[in-house]
Amino acid sequence: MEIKSVGVVGAGQMGNGIAHVMALAGYDVRLNDVRQESLDKAVDLIGKNLDRQVSREKISQEERDTALARISTTMEIAEVADTDLVIEAATEKEDVKHKIFESILPSLRPNTILTSNTSSISITRLASRTDRPEKFMGFHFMNPVPVMQLVELIRGIATDQETYAACLGVVEKLGKTAASAEDFPAFIVNRILIPMINEACYTLYEGVGNVSSIDTAMKLGANHPMGPLELADFIGLDTCLAIMNVLHDGLADTKYRPCPLMTKYVEAGWLGRKTKRGFYDYRGDTPVPTR
Ligand SMILES: CC(=O)CC(=O)SCCNC(=O)CCNC(=O)[C@H](O)C(C)(C)COP(=O)(O)OP(=O)(O)OC[C@H]1O[C@@H](n2cnc3c(N)ncnc32)[C@H](O)[C@@H]1OP(=O)(O)O
Ligand SMILES: NC(=O)C1=CN([C@@H]2O[C@H](COP(=O)(O)OP(=O)(O)OC[C@H]3O[C@@H](n4cnc5c(N)ncnc54)[C@H](OP(=O)(O)O)[C@@H]3O)[C@@H](O)[C@H]2O)C=CC1
């Protein structure tokens, strides 16, 4: 089936990036969130990120304007349902995702493909609560979406080949590369990456290093573009903790126990860049380590 329009639920850092790349690739995009303020912020950010691409001569001014015009925003979930492909990119909480799918089902077209950008939650379980498990799959972008090449495609137990092929076609049209992952907790990238971030938190918690020394060690010692604590702040500590909990619960192995220090930061509301405080404090001109 040909995908022409895409509905994106959740206009946070991933939702705005997904809307951005989809619109640039020629899809009509409907972006939904529960707060108008989040929608306004997302459109403003997409405009700025497109401007940056114009100034770096990656795209023309005309491509920028056309892409932005393809994005409409709505707080009505029913308007998102009237598209060919829905990508849910709301907060990493299973009950939130179930409620979104429940609310969208009554107005969904029969052929619409439903997907989730979840970082870790079982695609099979999310799909089982919908009317179309065969047309449901994981469509997992990496952050920042306009820059990162990979999309993980995750089939639930019931996902059919036609749905997989349609999603693969979208990834190719975006000029990105797909990696196929089986539906087990946190899939491939986060099964490997988030325990490393969690271990960096333990390294901090146990006083082996401070925030700066841990990040410097991994940037210069392992050639990572960001240190693990900087990356945790970039992803969002709430999301990192949610992924660790899915790994811990889903694989029932103590090696995935979330670091208590990560839990403490999340409980404080210090979620990283998005709240201007995490392992670094972003309220000034340059990030300042909090430990
Ligand atoms: C949690 C999950 O479920 C899965 C995940 O996503 S895990 C997270 C995966 N992501 C990562 O690991 C990111 C690691 N970090 C990096 O790769 C790099 O630090 C980075 C690409 C983010 C920035 O790179 P940098 O060299 O420090 O910065 P900079 O030179 O300013 O930017 C490089 C490019 O990215 C663009 N960019 C940077 N941040 C951006 C953002 N937030 N949005 C859009 N574009 C952005 C810049 O415009 C620039 O584009 P051009 O090359 O076209 O000029
Ligand atoms: N951060 C990352 O690096 C990556 C995250 N992901 C996944 O993408 C998803 C989104 O993450 P991210 O963008 O970082 O999170 P954010 O916290 O930046 O954004 C989540 C957005 O979802 C909105 N939201 C919450 N409930 C609803 C709802 N019922 N309907 C519509 N919108 C809702 C939130 O609204 P408000 O804040 O206004 O309440 C917020 O705007 C998660 O599943 C995450 O695991 C995947 C890859 C990378």
Side-chain angles (χ1 to χ4, degrees), residues 7-21 24 30-42 45-59 73-77 80 86-104 115-121 123 126 138-152 154 179 181 186-194 196-197 215 218-219 223-228 230-246 266 271-275 278:
V8 181
V9 183
Q13 55 182 338
M14 294 307 289
N16 89 63
I18 295 167
H20 172 143
V21 298
L24 258 189
R30 286 194 199 145
L31 182 60
N32 160 271
D33 203 285
V34 279
R35 289 190 302 139
Q36 187 59 44
E37 190 195 334
S38 301
L39 290 170
D40 296 342
K41 217 170 116 191
L45 195 57
I46 294 169
K48 287 189 178 132
N49 283 333
L50 286 166
D51 286 342
R52 189 161 52 173
Q53 287 176 298
V54 173
S55 67
R56 298 194 188 198
E57 296 179 355
K58 301 271 172 185
I59 59 170
T73 62
T74 176
M75 285 175 62
E76 292 299 325
I77 196 85
V80 175
V86 170
I87 303 179
E88 172 280 314
T91 315
E92 187 73 347
K93 288 186 182 155
E94 190 163 336
D95 59 331
V96 169
K97 295 187 187 294
H98 281 308
K99 280 191 189 126
I100 288 171
F101 291 124
E102 260 166 41
S103 67
I104 207 168
T115 68
S116 174
N117 184 52
T118 178
S119 297
S120 59
I121 298 167
I123 297 302
L126 290 174
F139 206 128
H140 184 210
F141 287 88
M142 305 295 133
N143 187 14
V145 181
V147 180
M148 304 299 281
Q149 266 305 303
L150 185 78
V151 178
E152 263 183 299
I154 307 112
F187 323 123
I188 298 174
V189 172
N190 290 331
R191 171 80 178 259
I192 300 168
L193 182 70
I194 305 299
M196 184 206 62
I197 287 176
D215 276 350
M218 292 307 286
K219 276 197 284 191
N223 256 5
H224 289 194
M226 287 176 168
E230 187 188 357
L231 182 57
D233 276 358
F234 183 62
I235 292 168
L237 301 188
D238 53 339
T239 304
C240 293
L241 182 60
I243 299 167
M244 281 314 297
N245 279 323
V246 168
V266 172
L271 307 182
R273 278 177 189 250
K274 63 184 169 188
T275 57

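Each ligand, and each atom within it, is numbered from 1 in the order the structure gives.
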Heavy-atom distances under 4.0 Å decide this one: backbone, side chain, both or neither, for [X] against ligand 2?
X      : answer
Val96  : side chain
Lys274 : side chain
Phe234 : neither
Asn117 : both
Ser38  : side chain

Can you tell which of [options] gets a heavy atom nearest to [atom]?
atom                    : options                       : value
atom 6 (N) of ligand 2  : Ser119, Gly17, Ala42, Ala232  : Ser119
atom 45 (N) of ligand 1 : Arg52, Glu230, Glu92          : Arg52
atom 29 (N) of ligand 2 : Ile100, Ile235, Ile18, Ile121 : Ile100
atom 37 (O) of ligand 2 : Met148, Gln13, Arg35, Met142  : Arg35
atom 8 (C) of ligand 1  : Val21, Val189, Asn143         : Asn143
atom 23 (C) of ligand 2 : Asp33, Asn143, Leu231         : Asp33

Number the atoms of ligand 1 from 1 as they appear, then name those within less than 4.0 Å of a heavy atom of [X], with their elements.
X      : value
Val147 : 21 (C), 35 (O), 36 (C), 37 (N), 45 (N), 46 (C)
Leu193 : 7 (S)
Asn190 : 1 (C), 2 (C), 3 (O), 4 (C)
Ile235 : 1 (C), 7 (S)
Lys58  : 51 (P), 53 (O)
Met226 : 14 (C), 15 (N), 19 (O), 22 (C)

Check the pair Asn32 / Glu76 against side-chain hydrogen bond (donor to acceptor under 3.5 Å, both in side chains), numbers first and verdict last. CA-CA 7 Å; Asn32 160 271; Glu76 292 299 325; over 6 Å; no

Is it true that Lys274 and Asp233 make a salt bridge, defined as a side-chain N closer than 4.0 Å to a carboxylate O? no

Would you check whether [X] has a nitrogen or oxygen atom less than 3.5 angstrom from a nitrogen or oxygen atom of ligand 2?
X      : value
His140 : no
Gly236 : no
Thr239 : no
Ala90  : yes
Asp238 : no
Met14  : yes
Lys97  : yes

Measuring only between side-chain heavy atoms, which start at C-beta, is Ile18 closer than 4.5 Å to Phe139? no

Please examine the side chains of Lys41 and Gln36, heavy atoms only from C-beta on, and report whether any two atoms are closer than 4.5 Å.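 Not touching, per the 4.5 Å side-chain cut-off.
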
Short check: is a protein heavy atom less than 4.0 Å from [atom]?
atom                    : result
atom 1 (C) of ligand 1  : yes
atom 10 (N) of ligand 1 : yes
atom 25 (P) of ligand 1 : no
atom 35 (O) of ligand 1 : yes
atom 15 (N) of ligand 1 : yes

For the CE atom of Met244 and the CG atom of Leu241, what is their distance to the nearest 0.5 Å? 9.0 Å

Assess the side chains of Ser116 and Glu88: does a donor N or O sit below 3.5 Å from an acceptor N or O? yes

Does ligand 1 have any atom sitting under 4.0 Å from a heavy atom of Asn49?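 Right, Asn49 reaches ligand 1.
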
Please confirm whether His140 comes under 4.0 Å of ligand 1, counting heavy atoms of the residue only. yes

Backbone or side chain, does any N or O of Thr239 fall under 3.5 Å from an N or O of ligand 1? no

For His98 and Glu94, run side-chain hydrogen bond (donor to acceptor under 3.5 Å, both in side chains): C-alpha distance rounded to whole Å, both residues' side-chain angles, the deciding distance at 0.1 Å, then the answer. CA-CA 6 Å; His98 281 308; Glu94 190 163 336; 3.1 Å; yes

For [atom], what's the nearest protein heavy-atom neighbour? Residue, atom name and distance, please.
atom                    : answer
atom 12 (O) of ligand 1 : Leu231 CD1, 3.7 Å
atom 17 (O) of ligand 1 : Pro225 CG, 3.7 Å
atom 30 (N) of ligand 2 : Val34 CG1, 3.5 Å
atom 31 (O) of ligand 1 : Arg56 NH2, 4.3 Å
atom 5 (C) of ligand 1  : Met142 SD, 3.8 Å

Counting distance only, does the side-chain N/O of Asp33 pair as donor-acceptor with the main-chain N or O of Ala11 below 3.5 Å? yes

I'd like to know if the side chain of Glu102 reaches the main chain of Ile104, judged simply by a donor and an acceptor atom lying under 3.5 Å from each other, with no hydrogens or angles considered. no

